[in-house]
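Notes follow once the structure below has been shown.
Quick note on labels: first sequence line is chain A, next is B, and so on, each numbered from 1.
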There are 2 protein chains.
Amino acid sequence: MSRVHLAPSAARKGVRSAKPALPLDVILKGDCVAAMEQLPEKSVDMIFADPPYNLQLEGALHRPDQSKVDACDDHWDQFGSFAHYDAFTRAWLLAARRVLKPNGTIWVIGSYHNIFRVGASLQDLGYWILNDVVWRKTNPMPNFRGRRFQNAHETMIWASRDQKAKGYTFNYESMKAANDDVQMRSDWLFPICNGGERLKDEDGAKVHPTQKPEALLARVLMSASKPGDVVLDPFFGTGTTGAVARRLGRHFIGIEREQAYIDAATARIDAVEPHDGKSLTLVAGKRAQPRVAFLSLIEAGLLEPGTELTDPKRRWTATVQADGSLCEGGEQASIHRTGARVQGLDACNGWTFWHFDDAGTLKPIDALRQIVRDRMAAAGG
Amino acid sequence: MSRVHLAPSAARKGVRSAKPALPLDVILKGDCVAAMEQLPEKSVDMIFADPPYNLQLEGALHRPDQSKVDACDDHWDQFGSFAHYDAFTRAWLLAARRVLKPNGTIWVIGSYHNIFRVGASLQDLGYWILNDVVWRKTNPMPNFRGRRFQNAHETMIWASRDQKAKGYTFNYESMKAANDDVQMRSDWLFPICNGGERLKDEDGAKVHPTQKPEALLARVLMSASKPGDVVLDPFFGTGTTGAVARRLGRHFIGIEREQAYIDAATARIDAVEPHDGKSLTLVAGKRAQPRVAFLSLIEAGLLEPGTELTDPKRRWTATVQADGSLCEGGEQASIHRTGARVQGLDACNGWTFWHFDDAGTLKPIDALRQIVRDRMAAAGG
DNA sequence: TGTCGCACTGAATCGATAT
DNA sequence: GATATCGATTCAGTGCGAC
């Protein structure tokens, strides 16, 4: 196993006499289980892991414009069966648990393909789940075939080493302060990693298929670690964990098998300018006006299916359907499409066009949307 | 096992001759595994399950070998109780899978305490996960001790019976129309069940500790079932699933052990006023409409053989043949194959690609298909 | 230099029917 | 059951070039 030392200044100042054998601010090349077994036990404060998701993709997927989706079909994501994946998962979780300090915590991110197996293995091995945290994506990939809900989130599990470990780090007050003085919730809103943050090679191709956004890691590290802590990432990839750790004054240990990822991570982390802890601010992550589905008005009981809606001049009438569409002249479509159709226009804002009768006066359904927005406001975007 | 019949009018009109043994709109009293084993196999369209996750509610804590677990101190005892929960989970998921139609789907809701075990068991038993859907609570209970993030969501898993089952119900067009004409995402925002909806006893105490909001069930049923479908809830509780099913024109089968819950559910469901059937129709996407052969347009006189068709940018031209094919560059094939070939693509929707000249403006031949469909509908299908 | 339009992209378990 | 054909389907954003 070879070591790639990084960020020498950070490494120098961070060497701890109590744990002389623990390499800091380095990337260890090799298999993560073998690498973790070489580390001293009970030595790291936090583990962040983004393991392979075990996606089981059959054929190619095309967008409606017939372009091909660049799938994550890398060899490291191929497992023969759930049993193989479980064995892999237990092995690295076990090695991770040995390395973790008694009061340390672990974060694992995944999707529905793998997260249930990861969560069950965590529990089986004695970890104690503290929260599951949902990363809601502001800009997820659509479901191109229209056969499912848009897969708009991923799940992180946050767990302590065991049930009785009560001294784990959780910066409750700073999370609350960063969240308009209310408790930080278990659902976080962040964009996916793209634009200038996304690492590209000379050809403009993405270096790593699943690079995570730094904002996500920043909240993880800010909420559940302290300055000077050691954060281990056994699936280091292109080093988002390392870059954020260095920026936030934490030490990192990365483990990665692919030299190309190590090279990219090395350059990336070396370019990071560490901040002092005081200048750190959290991304609020709220959006100006969260979307409210017309269906929500019906689900909330503000509109009954069968209700008749009209335009302000009562020229047209349409019936509210239980599925959140409008029915007019035998045709059934959204509030917007129906409003456009009756007027013979290409587009229409159904929220302001359609009105309901409130004790003799016409009011736009937008007023009901505002009621829903007010009720939902506490939850943020 | 006793049966409590409910909503007699709905039950009468809903009896299906094809499945005489399937009780509809009833609550079956007893253990859900035993009750499901009494139902005919492959008989229900959807299952919604809100299983208990508090291990204490599962009776005395026993390992699978029936040895008693005296304390949950170390992680092996944890594993023992998790194994017990897994056995319980597998038992009811297996019985549920037998009752489910081949194209049926199951929804299971849970929190981080149990959802990972449920999800892994679903996968182990052959279910195929379609989405995990996050219920974001507008008004979750705070974390009183300030040691964790506010637990502000629960997770639902939506799965088909098998990987191969592609014909499951998903009302994609309804959901999209109901959500400002963009796809419905996997994160849903709803308030928790309180206020007038929350069932209380004479003393003002909650009848059931985990009553789910009707709005949540309404979106589940509206997105993934059709009017007239049979929805089974093996952990019926106070009957949210039944109440919403009745309101939305779906049949329900509830299974519940506690008489107090059955009594509350019975009264609650009897008081539900079903929506008018006309307001329950779903948005009909193209997939739901009858297929029309391109030849039919020619036979109907809407297109003359010899007519020239072009793409929207007039880059290519093809000639309509009398046999319902297109001719371009000396080659003759279907509208789809020809469109794909001229663009150098694998696939193409000829209906939207090819246009005809209507007094100077290009219109897609899909418009002519709609005329044929309208005529077919007017003629009574 | 500002605006507009077009091309491109992201952890994706993404048919149905007739022969 | 396997094969062939029909034909249905995308959101939020970045970046570049045209004008």
Side-chain angles (χ1 to χ4, degrees), chain A residues 50-74 76-79 82 85 109-115 135 137-155 191-198 200 204-206 208-213 237 287 291, chain B residues 103 123 127-132 159-160 162-168 170 172-173 176 179-186 285-294 313 324 333-337 339-340 345-354 365-366 369:
Chain A
D50 183 10
Y53 285 9
N54 191 25
L55 257 45
Q56 293 167 47
L57 307 174
E58 302 255 307
L61 178 64
H62 292 87
R63 296 183 172 82
D65 66 3
Q66 303 300 336
S67 64
K68 192 165 172 240
V69 175
D70 185 14
C72 177
D73 52 4
D74 301 71
W76 46 257
D77 200 42
Q78 307 297 320
F79 295 85
F82 283 132
Y85 188 78
I109 185 167
S111 65
Y112 65 84
H113 312 85
N114 72 323
I115 198 66
W135 169 28
K137 304 181 184 183
T138 59
N139 47 355
M141 188 185 296
N143 183 289
F144 294 116
R145 303 297 292 265
R147 298 291 302 158
R148 305 180 177 190
F149 298 100
Q150 183 182 28
N151 193 7
H153 73 277
E154 294 188 27
T155 300
I192 62 174
C193 179
N194 58 12
E197 186 185 327
R198 187 83 192 213
K200 305 278 177 67
K206 55 191 176 192
H208 193 282
T210 70
Q211 186 181 339
K212 296 292 178 290
R287 307 172 75 187
R291 185 190 304 282
Chain B
N103 277 329
Q123 293 178 314
Y127 289 99
W128 192 246
I129 298 179
L130 299 169
N131 280 114
D132 58 336
S160 62
D162 308 88
Q163 178 178 4
K164 298 280 191 311
K166 305 286 189 184
Y168 59 86
F170 178 53
Y172 172 78
E173 291 82 7
K176 185 173 174 178
N179 191 42
D180 283 356
D181 290 318
V182 295
Q183 297 184 335
M184 188 68 80
R185 296 168 46 111
S186 56
K286 284 187 175 180
R287 277 183 283 238
Q289 296 182 29
R291 290 172 71 150
V292 173
F294 180 60
K313 296 180 181 175
S334 72
I335 53 173
H336 311 296
R337 294 306 326 147
L345 298 173
D346 288 337
C348 166
N349 185 341
W351 290 109
T352 51
F353 179 74
W354 294 109
I365 57 177
D366 204 23
R369 178 169 66 162

Exercise. In terms of the angle between their ring planes, are A:H208 and A:W76 parallel, tilted or perpendicular, with boundaries placed at 30° and 60°?
Worked result: parallel
Within the side chain of [X], is there an N or O that forms a donor-acceptor pair under 3.5 Å with the backbone of [Y]?
X: B:S186; Y: A:Q150; answer: yes
X: A:D77; Y: A:L55; answer: yes
X: A:Q211; Y: A:E197; answer: yes
X: A:Y85; Y: A:P52; answer: yes

Problem set entry | Side chains of B:H336 and B:S334, donor plus acceptor under 3.5 Å | no
Exercise. How does each nucleotide of nucleotides 14-19 of chain C score, in 5' to 3' order, for protein heavy atoms under 4.0 Å: base (B), sugar-phosphate only (S), or none (-)?
Worked result: BSSS--
For this session: Give the nucleotide from the list D:dA12, D:dA8, C:dG10 with an atom nearest to the side chain of B:A347.
Result: D:dA8
For this session: Output the single nucleotide from C:dA12, D:dT9, C:dA11 whose closest atom is nearest the side chain of A:V69.
Result: C:dA12
For this session: Could you check B:L130 against B:K313 and say which one's nearest nucleotide on DNA chain C is further toward the 5' end?
Result: B:K313
When rounded to the nearest Å, what value does the distance between [atom1] atoms of [N] and [M] take?
N: C:dC14; M: D:dA12; atom1: P; value: 22 Å
N: C:dT19; M: D:dG7; atom1: P; value: 13 Å
N: C:dA12; M: D:dA8; atom1: P; value: 25 Å
N: D:dC6; M: C:dA11; atom1: P; value: 36 Å

Problem set entry | Pairwise 5' ranking along DNA chain D for B:R337 and A:R63, keeping only the more 5' one | B:R337
Please classify the nucleic acid contact of [X] as base, sugar-phosphate, or nothing, using heavy-atom distances under 4.0 Å.
X: B:C348; value: base
X: A:P191; value: nothing
X: B:S334; value: sugar-phosphate
X: A:P51; value: base
X: A:T210; value: base
X: B:Q183; value: sugar-phosphate
X: A:K212; value: base
X: B:E173; value: sugar-phosphate
X: A:K137; value: nothing
X: B:I129; value: base

Give each protein N/O atom lying under 3.5 Å from an N/O atom of nucleotides 14-17 of chain D, with the pair distance.
none

For this session: Determine whether A:F82 and A:Q56 make a side-chain contact, defined as any pair of heavy atoms from C-beta on separated by less than 4.5 Å.
Result: yes
Problem set entry | Minimum side-chain heavy-atom gap A:F144-A:D65 below 4.5 Å | no
Exercise. Does A:K206 put a side-chain nitrogen or oxygen below 4.0 Å from OP1 or OP2 of C:dT9?
Worked result: no
Exercise. Looking at B:H336, does any N or O in its side chain come under 4.0 Å of the phosphate oxygens OP1/OP2 on D:dG7?
Worked result: yes
Exercise. Ignoring hydrogens and angles, are the base of D:dT9 and the side chain of A:Q66 linked by a donor-acceptor pair under 3.5 Å?
Worked result: yes
For this session: Applying salt bridge (Lys or Arg N to Asp or Glu O under 4.0 Å), run through A:K137 and A:E154 and close with a yes or a no.
Result: CA-CA 8 Å; A:K137 304 181 184 183; A:E154 294 188 27; 2.8 Å; yes
For this session: Report the secondary structure of DNA chain D in dot-bracket form, marking unpaired bases with a dot and bases paired to a different strand with |, and treating Watson-Crick or G-U pairs with both distances under 3.5 Å as paired.
Result: .|||||....|||||||||
